[in-house]
Amino acid sequence: MVAYAGTDPLTATLKDSETLVGVGVVLTVDGTTNTLKLGAAGSFAIGISAGEGERDANGDLVTAAAKCSFFPVGGVQMVAALAETYTTGKILYLKGAGRVGGTAGSDKIVGVYCGPGEVIATAGLLIPVNTNSSAIA
C-alpha cells in the first residue's frame with residue numbers, strides 16, 4: 001500500500017530539541033514558538049509526518065529549527081501505532097511519541113482505524129487511519 005497519495009506535503013519547522021525519525025508520526029503545534037512537535041496525549045493533531053526531520057552534513061538529525069514535511073490531517077493516512085489489537089472502526093487517540101492507540105482517557109481523537117482486524121506487536125508500525133474525524137477542539 002502507498003503511504004500517501006493525492007497531495008503534496010507541507011513544510012514546517014520543528015520545535016528546538018525535537019527530532020523526527022520516520023513517516024506516520026502524529027505532529028502537533030507548539031503555540032508558544034509557532035513550530036511543530038511530536039504529538040502527545042491531550043494535544044490536537046495537525047498532521048502526519050511525511051518523512052524524517054532535517055539532517056546536517058554529517059547525517060545527524062538537526063535539533064534547532066529543523067525543517068520537516070507533513071500531510072495535514074484529513075483522509076486516510078498511514079499512522080504510527082502503539083502495540084495493541086486493532087479492529088475495523090476502532091476510534092484512535094493521540095498518545096506519546098506521536099503514536100495512536102485505542103484507550104481514550106483525556107486524549108484527543110486522531111481518527112478511525114480502517115484496516116482489517118490485526119494485532120500490532122511492535123510499536124511504531126504504520127496502520128491505516130481515517131483522519132477526517134480528528135478532534136479540532
Does the pair Glu84/Lys95 count as a salt bridge with the N-to-O cut at 4.0 Å?
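Not counted as a salt bridge, because no side-chain N and carboxylate O are separated by less than 4.0 Å.
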Would you compute the distance between atom [atom1] of [X] and atom [atom2] of [Y] and round it to the nearest 0.5 angstrom?
| X | Y | atom1 | atom2 | value |
| --- | --- | --- | --- | --- |
| Glu118 | Leu125 | CD | CG | 8.5 Å |
| Tyr113 | Thr88 | OH | OG1 | 6.0 Å |
| Thr19 | Arg55 | OG1 | CZ | 9.0 Å |
| Leu61 | Glu18 | CG | CD | 11.5 Å |
| Cys114 | Lys90 | SG | NZ | 14.0 Å |
| Glu54 | Asp60 | CD | CG | 12.5 Å |

Checking Thr11 against Ser69 for the side-chain contact (heavy atoms from CB on, under 4.5 Å) test, could you report, in this order, the C-alpha distance in whole Å, the side-chain angles of both residues, the deciding distance, and whether it holds?
CA-CA 4 Å; Thr11 301; Ser69 295; 4.1 Å; yes
Please report the closest heavy-atom contact between Ala12 and Phe70, naming both atoms and the distance.
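Smallest heavy-atom distance, with atoms named: CB-CE2, 3.7 Å.
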Show, in sequence, the C-alpha distance, side-chain angles and deciding distance for Ser49 and Leu27, and conclude whether the side-chain contact (heavy atoms from CB on, under 4.5 Å) test is met.
CA-CA 7 Å; Ser49 68; Leu27 299 169; 4.2 Å; yes
Applying side-chain contact (heavy atoms from CB on, under 4.5 Å) to Thr131 and Val110, what does each step give before you reach the verdict?
CA-CA 6 Å; Thr131 62; Val110 173; 4.3 Å; yes
Do [X] and [Y] make a side-chain contact, defined as non-hydrogen atoms from C-beta onward lying under 4.5 Å apart?
| X | Y | result |
| --- | --- | --- |
| Thr63 | Ser17 | no |
| Phe71 | Pro9 | yes |
| Thr33 | Asp16 | no |
| Ile127 | Leu92 | yes |

Tell me, with the steps shown, if Ser43 and Lys108 meet side chain to side chain donor-acceptor pair (under 3.5 Å).
CA-CA 6 Å; Ser43 299; Lys108 306 304 181 202; over 6 Å; no
Kindly work out whether a path of hydrophobic side-chain contacts (I/L/V/M/F/W/Y, heavy atoms less than 4.5 Å apart) joins [X] to [Y].
| X | Y | value |
| --- | --- | --- |
| Ile46 | Val73 | no |
| Ile120 | Val79 | yes |
| Val62 | Val21 | no |
| Leu14 | Leu10 | yes |

Which one of Ile109, Leu82, Thr103 satisfies the side-chain contact (heavy atoms from CB on, under 4.5 Å) criterion with Tyr93?
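For Tyr93, the side-chain contact (heavy atoms from CB on, under 4.5 Å) check succeeds only for Ile109.
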Do Val26 and Ile48 pass the side-chain contact (heavy atoms from CB on, under 4.5 Å) test, and can you show the C-alpha distance, the side-chain angles, and the key distance before you say yes or no?
CA-CA 5 Å; Val26 180; Ile48 311 298; 3.9 Å; yes
Is it the case that over 12 heavy atoms from other parts of the model lie below 6.0 angstrom from the CG atom of Asn34?
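No, CG of Asn34 has 12 or fewer neighbouring heavy atoms, counting only those of other groups under 6.0 Å.
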